[in-house]
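Following: one structure in structure tokens, then a few remarks.
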There are 2 protein chains.
Amino acid sequence: MANRPVTIKDIAEKLNISVSTVSRALKNNPEISLQTRENVQKLAKELKYQPNPLAVALKTKKSNTIGVVVPQIVSSFYASVVKGIEQVADEQGYQVFVSSSNEKMEKEEKNVNGFLNMRMDGIILSLSRATSTYDHIHKIQDMGVPMVLFDRTSKELDVSKVVADDAAAAYTAVNHLIDSGAKRVAFLTGMEYMLFGRNRMRGYKKALEDKGFSLDKTLISRCDFTVEGAKKAAMELLSRSNRPDAFFAISDDLAIGTIAAAKELGLRIPEDVAVVGFSNSRRSRYMEPSISTMDQNPKQVGREAAKLLFDQMENKPNAKDVKEVVVTADLIVRTSSDK
Amino acid sequence: MANRPVTIKDIAEKLNISVSTVSRALKNNPEISLQTRENVQKLAKELKYQPNPLAVALKTKKSNTIGVVVPQIVSSFYASVVKGIEQVADEQGYQVFVSSSNEKMEKEEKNVNGFLNMRMDGIILSLSRATSTYDHIHKIQDMGVPMVLFDRTSKELDVSKVVADDAAAAYTAVNHLIDSGAKRVAFLTGMEYMLFGRNRMRGYKKALEDKGFSLDKTLISRCDFTVEGAKKAAMELLSRSNRPDAFFAISDDLAIGTIAAAKELGLRIPEDVAVVGFSNSRRSRYMEPSISTMDQNPKQVGREAAKLLFDQMENKPNAKDVKEVVVTADLIVRTSSDK
DNA sequence: GTGAAAGCGCTAACAC
DNA sequence: GTGTTAGCGCTTTCAC
């Protein structure tokens, strides 16, 4: 048991050469004779030699790893973002480590420090809800470690970012509803403090305006951010005499609630009331084949963030510039399922 | 920019003492005079000294980290398990690193090797669907690294495991339905190769038997593992003259499909047809307040796995024994929502 | 009570 | 083409 891992020194001794020669031969350094290189590589394979990344990192101050800090791991949005990051990191031969802040600033700081201490070569992070000071973020910058923020960012931070264009997505969604014949599009949103809610409302209003509709404030409804809350709110709207003929709901839960309300009232979807929901997860799309959704493209967010990070790490021209990438959501149109 | 991290040596020089003294003082070693200890610790704080875990790990062959390999990160089940692991690791002062195999054996091996190379002190792993050989698992054992398997395990592996008791959960669920008045409980499951499906079926049959019901095979329905598939299957069952008055569905998607079918047929839930679903995610529970679900307790799975791992790491008596912990699911009973 | 020295596994000047 | 040496930041004998 407890096999000691084989080191470069073991190889050197067996071959009666020096460790530096082994080190060079392993990296196929042309200064070393082909003969020696082959011998070394062959033996390394036989012995199942694996370089000790700790030693390498300690020496070179590079670990070939990147760290990702997300507010929560139990979230299909963040999970998909991570997947996107992993894809491009994989291509670059980097390992990805993920840790979650659980929406706590304290944990976020701990995670960041852990990554920094581990000498990770780059950090991708989405701020926790509780994060109010940015010392740990500045520390990353002070240490010269490449960093990219995504989704939950802050204007106060002078860092490259990847965000979703919520207003544009809402604009697309509402346009789609109107183009499909809707005359009275309701907007179902959450509490006012939600930034993306405000942005999506902006897109909603802009779309109405551009289509020549006047804004009917009674069609805007706020509810708590749950299926039940949405259902209640939608029930109210749909029970009116001049009920809306379409809904744009800013989350998948709200869309689900809306559908439930419509069904309970015996309204057909999308004939009587069309619905576009906003979605992070595939599930909500499958739940109700008759509604269209805006897909936030979380994987794309991850890919873009990773690309930005690698640009910085590779020190490409202008890599140090602070960039902001906007990922737009896709409208996934579903036609009514055949019964 | 690029602030060089402060080292033990920096402290030693400023205080005109040796690095070894600093090292000892930092760990509050009583051999060092209180005076010196205080000086060192004070300066360390001022300078924001952070030990370099790479150097420590290289020297001590201990990294104070544990690695978790999951088949997928986009899954509320695994995400919750990770959360449970993080909770107990946190208490022990360990950092947790997560990586996902994406259901590929190749990636799983890579992840394991990465963790091993990083000298992680323990590994918690759930096998990918594609894993067919166990060399990488045996390697962990050969290196004497503590390990715990969870959820997707293998009888061939002589390792501590944490699993869910699917049969017991199904037994509880079906009992609940019968106790609530059901006379004809349907069982909605997926393909035969799904081990947990078979186990849940066992519990279903056992519950019927213990309640004195004879098994009606026409009430067992297999469908593909999607909402639509379930809906179709449930429609068929519910359209019969002697339709079931209750369903036990082995996943949340299947429960959702069942509900959709019942509603489409104008049947009330739970009055006309009661449903118990199996669930990993909170969402499905909120979606339909009138159905009860079995909650797999994923967080508990994580906590148990971590506990088992730390037992091994701390070399407690009998720690080397291979243990198997069974986590049972909770029945979450929901009563019909008030309209 | 403190210091000197060795060494963890590796890389990279600098020799020759 | 290859070896020698120093050193990354830390811990840990072994001295005194």
Side-chain angles (χ1 to χ4, degrees), chain A residues 2-41 43-44 47-65 113-114 116-121 143, chain B residues 2-41 43-44 47-65 113-114 116-121 143:
Chain A
N3 271 328
R4 191 178 58 79
V6 3
T7 73
I8 213 176
K9 197 174 160 193
D10 298 328
I11 300 182
E13 281 168 1
K14 296 225 184 191
L15 255 32
N16 265 317
I17 55 179
S18 77
V19 290
S20 49
T21 304
V22 175
S23 173
R24 283 180 279 228
L26 251 14
K27 336 187 108 58
N28 236 326
N29 184 327
E31 286 201 332
I32 305 295
S33 74
L34 197 61
Q35 188 45 246
T36 317
R37 271 187 277 164
E38 281 172 353
N39 291 159
V40 170
Q41 289 170 13
L43 184 60
L47 263 37
K48 295 190 180 153
Y49 164 77
Q50 303 256 58
N52 183 333
L54 263 43
V56 177
L58 182 59
K59 181 74 206 179
T60 63
K61 287 142 169 30
K62 271 213 69 210
S63 61
N64 263 272
T65 56
N113 278 325
L116 251 21
N117 287 341
M118 282 292 205
R119 300 297 184 273
M120 302 219 161
D121 301 321
M143 294 186 57
Chain B
N3 268 329
R4 192 177 58 79
V6 3
T7 73
I8 213 176
K9 198 175 162 192
D10 298 329
I11 300 183
E13 281 168 0
K14 297 226 184 201
L15 255 32
N16 264 319
I17 54 179
S18 75
V19 289
S20 44
T21 304
V22 175
S23 173
R24 281 181 281 229
L26 251 13
K27 329 191 111 60
N28 236 324
N29 185 327
E31 288 199 335
I32 305 295
S33 74
L34 198 61
Q35 189 45 245
T36 316
R37 270 186 277 165
E38 281 171 353
N39 291 160
V40 169
Q41 289 170 12
L43 184 60
L47 264 36
K48 296 191 180 155
Y49 165 76
Q50 302 256 59
N52 182 332
L54 264 43
V56 177
L58 182 59
K59 182 72 204 180
T60 64
K61 286 143 168 32
K62 270 215 69 208
S63 61
N64 265 272
T65 56
N113 279 324
L116 252 20
N117 288 340
M118 283 291 206
R119 300 297 183 273
M120 303 221 162
D121 301 320
M143 294 187 56

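All chains are named by letter (A, B, ...) in the order of the sequence lines, taking the proteins before the strands, and each is independently numbered beginning at 1.
When rounded to the nearest whole Å, the span between CD of A/Gln35 and C1' of D/dG1 equals 13 Å. The interatomic distance linking A/Asn29 (CG) with D/dG3 (C1') rounds to 14 Å, in whole Å. The distance from atom NZ of B/Lys62 to atom C1' of C/dC8 is 16 Å, rounded to the nearest whole Å. As a whole-Å value, the separation of B/Leu58 CG from D/dC8 P is 13 Å. The nearest whole Å value for the distance from the CG atom in B/Asn52 to the P atom in C/dC8 is 18 Å. Rounded to an integer number of Å, the gap from A/Arg119 CZ to D/dC8 C1' is 10 Å. Between the CD atom of B/Gln50 and the P atom of D/dG9 there is a distance of 14 Å, rounded to whole Å. Between the CG atom of B/Asn64 and the C1' atom of D/dT11 there is a distance of 14 Å, rounded to whole Å.
Contact check for A/Arg37 versus A/Asn28: side-chain heavy atoms found under the 4.5 Å cut-off. The shortest side-chain heavy-atom distance between A/Leu47 and A/Ile11 falls under the 4.5 Å cut-off. Contact annotation: the side chain of A/Val40 never approaches that of A/Arg24 to less than 4.5 Å [non-hydrogen atoms, C-beta and beyond].
Axis deviation across the helix from C/dG1-D/dC16 to C/dC16-D/dG1 amounts to 50°, comparing end segments of five pairs, rounded to 10 degrees.
Evaluation of the side-chain contact (heavy atoms from CB on, under 4.5 Å) rule for B/Gln35 yields B/Ser33, B/Asn39 as partners, not counting sequence neighbours. Residues satisfying the side-chain contact (heavy atoms from CB on, under 4.5 Å) test with B/Glu13, not counting sequence neighbours, are B/Lys9. With sequence neighbours left out, B/Asn64 forms a side-chain hydrogen bond (donor to acceptor under 3.5 Å, both in side chains) with no residue at all. A search for side-chain contact (heavy atoms from CB on, under 4.5 Å) contacts involving B/Pro5 returns A/Arg119, A/Met143, not counting sequence neighbours.
Across all strands, B/Leu54 comes closer than 4.0 Å to no nucleic acid atom at all (heavy-atom distances).
Here the closest heavy-atom approach between residue B/Asn29 and residue B/Glu31 is recorded as OD1-N, 2.8 Å. Closest approach of B/Tyr49 and B/Leu26 over heavy atoms only: CE2-CD2, 3.8 Å.
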TODO: Using a 4.0 Å cut-off on protein heavy atoms (strictly under), produce a 5'-to-3' string for nucleotides 11-16 of chain C with B for base contact, S for backbone-only sugar-phosphate contact, and - for none.
DONE: BBBB--

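When the nearest nucleotides of DNA chain C are assigned to B/Val22 and A/Thr7 by heavy-atom distance, the more 5′-ward of the two goes with B/Val22.
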